[in-house]
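Below is one structure, written out as structure tokens, with a few remarks after it.
Only this structure's heavy atoms are used, side chains among them; waters, hydrogens and symmetry mates stay out. Read the numbers this way: they start at 1 and go in the same order the structure lists the ligands and their atoms.
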Amino acid sequence: MSDFAFTKNALSSWMKGEGKDSDIVISSRVRIARNLRSLPFPLVASEEQAEEVRQAVIAASEQAAEELGPMQPIRLEELNEIDRQVLVEKHLVSPALVNESREAAVVLSTDESLSIMVNEEDHIRIQCLRPGFQVKEAWERATSVDDALEAHVDYAFDDRRGYLTSCPTNVGTGLRASVMIHMPALVMTHQIGRVLNAVSQVGLTVRGIYGEGSEAQGNLFQISNQITLGQSEKEIVDNLEGIVAQIIEYERQARSRLVSESKIRLYDRVMRSYGILTHAAIIDGKEAAQRLSDLRLGVDLGWIEGLPITLLNELTILTQPNFLQKTFGATMNTSEKDMYRAQLIRDKLVKSKE
Ligand SMILES: Nc1ncnc2c1ncn2[C@@H]1O[C@H](COP(=O)(O)OP(=O)(O)OP(=O)(O)O)[C@@H](O)[C@H]1O
């Protein structure tokens with residue numbers, strides 16, 4: 001198996017920080033889509049043209065080294081299938097880059113908070129991640145990376161439409177801002193449908209934890225802007241921040257209500273999950289995500305002490321099917337994964353109490 005630094009640890013160093021409202025918001029992301037003026041979009045580019053894009057973007061990132069900091073270019077064909085999927089499981093690239101792109105690459109920062117994806121749906125997708133609720137901070141970083149690259153490549157830009165992108169939904173700013181948010185109390189109190197419905201009526205979209213087309217796991221949802229045209233980048237970021245702040249407040253209220261109205265039931269649920277996670281011999285991915293969500297809530301409510309939230313973040317990634325195989329250095333069938341997943345969770349949780 002390949003030896004890239006990102007395969008060594010489940011927890012990216014940017015994920016170790018806590019960030020604002022980190023009891024509810026796991027992480028914030030901003031991605032900016034850009035294309036080179038002189039070459040066709042990836043979907044219609046020839047192999048040679050796509051390779052030309054790849055070389056130009058990698059060269060630009062090297063020329064901008066001073067502004068970007070330490071970065072490593074990774075051509076996806078250098079990785080085996082498990083390592084490619086590990087990049088996705090750690091949220092370092094989108095599933096589309098790994099599964100659908102040709103002549104694809106990612107230029108990855110050493111702390112894994114910045115990824116420049118090459119030849120995904122657009123020539124360039126700049127992604128910045130931050131722990132907790134820090135959309136503005138992620139946006140500021142993404143913008144500075146965008147400026148640094150633009151000094152070395154010529155972007156496709158139209159005075160009236162803004163930045164041109166492969167999909168019309170991204171034309172304009174090319175910016176998608178999002179948060180990954182943990183909303184167990186809104187799910188338990190059956191208010192989540194109403195909240196998600198309201199969110200979609202104000203120009204935001206709700207996705208699962210691996211983005212477009214993926215499912216919500218363990219009460220984790222991804223909320224992002226739907227519109228990129230007709231709004232400035234600042235308006236998009238401010239709008240998302242304002243609405244997410246309200247959702248955080250709803251989740252806090254739902255937690256308080258659950259604690260005041262059915263504390264013993266909730267406590268029982270959290271502790272049962274703790275018991276299962278520390279003793280089960282077999283656990284599938286869906287159950288693990290659900291039980292880890294209960295545990296996260298228990299930690300947030302102060303019912304479980306000495307268990308760092310960063311360990312729960314780490315377990316969320318470690319227990320994904322490809323990272324699991326990476327950790328144990330073996331290809332596994334589904335039953336084996338369920339067994340090794342249970343063993344890994346047990347070991348990590350027990351060790352954290354020592
Ligand atoms: N707030 C976030 N924290 C961590 N990872 C995120 C967050 N938001 C999105 N991601 C990751 O980014 C990847 C891409 O997500 P998504 O498909 O929603 O965006 P996109 O590819 O930029 O959008 P588009 O559909 O417009 O091309 C997913 O793998 C997801 O895990």
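Within the 6.0 Å centre-distance limit, the rings of Tyr210 and His91 are counted as a close aromatic pair.
Ala281 and Arg346 make their closest contact through CA-NH1, 3.6 Å (heavy atoms, listed as atom of the first residue, atom of the second, distance). The minimum heavy-atom distance between Glu233 and Arg34, with the atom names listed, is OE2-NH2, 3.7 Å. Closest of all the heavy-atom pairs between Ile317 and Phe323 is O-CB, 3.5 Å.
Looking at Thr165 and Asn170, their side chains never bring a donor and an acceptor atom within 3.5 Å of each other.
Near ligand 1, residues Ser27, Ser28, Arg29, Arg31, His91, Val93, Ser94, Pro95, Glu120, Arg125, Gln127, Leu129, Asn170, Arg176, Ser178, Val179, Met180, Arg207, Ile209, Tyr210, Gly211, Glu212, Gln222 come within 4.0 angstrom through at least one heavy atom.
Within a 6.0 Å radius of CZ in Arg37, other residues, nucleotides and ligands contribute more than 12 heavy atoms.
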